[in-house]
Amino acid sequence: MLKIGIILGSTRPNRNGEQVAKWVLDIASRRDDATFELIDLRDHPLPHLDEPLPPMLGQYQHEHTRQWAAKIAPFDGFVIVTPEYNHGIPGVLKNAIDFLYAEWNNKAVSFVSYGGVGGVRAVEHLRLVVAELQMADVRQQVALSMITEFENFSVFKPGSHSVSALDTMLDQVIAWSAALASLRMASAVAA
């Protein structure tokens with residue numbers, strides 16, 4: 001069965017992303033076409049990128065990198081939950097992505113974002129980053145407005161339209177994860 005990781009891309013105190021990621025996990029866990037696991041970056045504290053060699057070489061020198069690689073490698077696809085900070089993605093999320101290379105390759109990725117305008121600029125940034133990692137980003141995204149879907153900008157209250165968008169996005173990331181399985185297997189054999 002396909003395994004999809006839900007990456008919570010913020011580590012800020014009082015972050016809204018935890019409510020959003022748990023909502024994604026709750027909706028996703030009702031499905032029977034994949035298994036889902038929450039990956040909270042707080043549980044994987046990485047220093048600012050400190051590997052002496054480029055991740056593309058796969059020669060990780062530090063134990064924290066090897067542990068992060070072991071966490072990410074088994075997944076077939078991902079849902080990244082991200083806020084938008086200053087029209088971009090959180091530094092901690094970019095740093096976590098940059099630590100690895102092959103562990104991301106030939107996997108599908110989708111995005112759930114939140115912010116003043118739904119976090120759409122952060123997702124546009126992420127789409128450029130994941131393309132370089134040979135990931136297939138799906139079209140559907142869930143963009144949550146801090147104005148309409150968070151009471152007092154802090155209590156998450158998703159609308160029914162967001163549930164529908166999430167279902168469509170999950171359909172797409174699962175389909176693409178399955179479609180890319182042969183590429184992942186070919187890469188594993190070649191390694």
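Residue numbers start at 1 and run along the sequence shown.
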Next on the checklist: Quick check for you: to the nearest 0.5 Å, what is the distance between L2 atom CG and R31 atom CZ?
Outcome noted: 10.5 Å
Item to check | side-chain contact (heavy atoms from CB on, under 4.5 Å) assessment of V138 paired with V109 | outcome: CA-CA 6 Å; V138 303; V109 62; over 6 Å; no
Item to check | Whether D76 side chain and K3 backbone form a donor-acceptor pair below 3.5 Å | outcome: yes
Checklist entry - At their closest point, which heavy atom of R184 faces which heavy atom of N106, and how far apart are they? => result NH1-O, 3.0 Å
Checklist entry - Under the 3.5 angstrom rule, does the side chain of H48 hit a backbone N or O of N95 as a donor-acceptor pair? => result no
Next on the checklist: Using every non-hydrogen atom in the two residues, find where G17 and V81 come nearest and quote the distance to one decimal.
Outcome noted: O-CG1, 4.1 Å
Item to check | Check: S164 side chain, S160 main-chain N or O, donor-acceptor pair, under 3.5 Å | outcome: no
Checklist entry - Can you get from V163 to Y114 by hopping between Ile, Leu, Val, Met, Phe, Trp and Tyr side chains that sit under 4.5 Å apart? => result yes
Checklist entry - Do the charged groups of E124 and R121 touch, with an N to O distance under 4.0 Å? => result no
For a quick test of your reading: what N or O donor-acceptor pairs under 3.5 Å do the side chains of residues 6-14 make, sequence neighbours left out?
unit_1: S10; atom_1: OG; unit_2: R12; atom_2: N; d: 3.3
unit_1: S10; atom_1: OG; unit_2: Y85; atom_2: OH; d: 2.9

Checklist entry - In terms of hydrophobic clustering (I, L, V, M, F, W, Y; side-chain heavy atoms under 4.5 Å; direct or indirect links), are I89 and F111 co-clustered? => result yes
Next on the checklist: Please check this pair: side chain of N16 against backbone of F153, looking for a donor-acceptor N/O pair closer than 3.5 Å.
Outcome noted: yes
Checklist entry - Would E149 and K157 pass as an ion pair if we require N to O under 4.0 Å? => result no
Checklist outcome for this item: Heavy-atom nearest pair, L46 first then A96, reads CD1-CA, 3.9 Å
Next on the checklist: For D40, is there an ion pair with R42 - N to carboxylate O distance below 4.0 angstrom?
Outcome noted: no
Item to check | Pairwise side-chain contact, I97 with V129, heavy-atom cut-off 4.5 Å (strictly under) | outcome: yes
Next on the checklist: Over 60° means perpendicular and under 30° means parallel, so tell me whether F75 and F78 are parallel, tilted or perpendicular.
Outcome noted: tilted
Item to check | Cluster check V112, L38: I/L/V/M/F/W/Y, side chain < 4.5 angstrom | outcome: yes
Checklist entry - Should L180 and I72 be regarded as members of a common hydrophobic cluster, given that ILVMFWY residues are connected when their side-chain heavy atoms come within less than 4.5 Å of each other, either directly or indirectly? => result no
Checklist entry - Which distance, rounded to the nearest 0.5 Å, do you find between the CE of M1 and the CG of D32? => result 6.5 Å
Checklist entry - Can you name the ring-ring contact (aromatic ring centres under 6.0 Å, His included) partners of W176, sequence neighbours left out? => result none
Item to check | Common cluster, I174/V79, ILVMFWY with side-chain heavy-atom separation under 4.5 Å | outcome: yes
Checklist entry - How many angstroms lie between CE in M56 and CG in L100, if you round to the nearest 0.5 Å? => result 13.0 Å
What pairs of donor and acceptor atoms, side-chain ones from residues 140-148 against any protein atom, are under 3.5 angstrom apart with sequence neighbours left out?
unit_1: Q141; atom_1: OE1; unit_2: R127; atom_2: NH2; d: 3.4
unit_1: Q141; atom_1: NE2; unit_2: S113; atom_2: OG; d: 3.4
unit_1: S145; atom_1: OG; unit_2: I147; atom_2: N; d: 3.0
unit_1: S145; atom_1: OG; unit_2: T148; atom_2: N; d: 3.4

Item to check | salt bridge (charged side-chain N to carboxylate O under 4.0 Å, His left out) contacts touching residues 92-111 (sequence neighbours left out) | outcome: K94-D98
Item to check | Atom CD of E63 with >12 non-hydrogen neighbours under 6.0 angstrom | outcome: yes
Item to check | N86 atom CG, neighbour heavy-atom count above 12 within 6.0 Å | outcome: no
Checklist entry - Is a side-chain donor or acceptor of S162 paired with a backbone partner of P158 at a separation under 3.5 angstrom? => result no
Item to check | D26 and R30: CA distance, side-chain angles, deciding distance, salt bridge (Lys or Arg N to Asp or Glu O under 4.0 Å) verdict | outcome: CA-CA 7 Å; D26 178 57; R30 298 174 193 171; 2.6 Å; yes
Item to check | F99 CZ to E51 CD distance, which is reported to the nearest 0.5 Å | outcome: 6.5 Å
Checklist entry - What ring-ring contact (aromatic ring centres under 6.0 Å, His included) pairs are there with at least one residue in residues 4-37, not counting sequence neighbours? => result W23-F156
Checklist entry - What pairs of residues pass the ring-ring contact (aromatic ring centres under 6.0 Å, His included) test when at least one of them lies in residues 129-149, not counting sequence neighbours? => result none
Next on the checklist: Restricting to non-hydrogen atoms, name the atom on T82 and the atom on P90 that form the minimum distance, rounded to 0.1 Å.
Outcome noted: OG1-CD, 3.2 Å
Item to check | Donor-acceptor under 3.5 Å (N105 side chain, M135 main chain) | outcome: no
Checklist entry - Roughly how far, to the nearest 0.5 Å, is CG of L41 from CZ of R15? => result 8.0 Å
Checklist entry - Of the non-hydrogen atoms in P52 and H62, which two are nearest, and what is the gap between them? => result CD-NE2, 4.2 Å
Item to check | Test of ring centre spacing under 6.0 Å for Y60 and W68 | outcome: no
Checklist entry - To the nearest 0.5 Å, how far apart are OG1 in T65 and CG in D50? => result 5.5 Å
Next on the checklist: Side chains of S110 and L170, heavy atoms from C-beta outward: is any pair under 4.5 Å?
Outcome noted: no
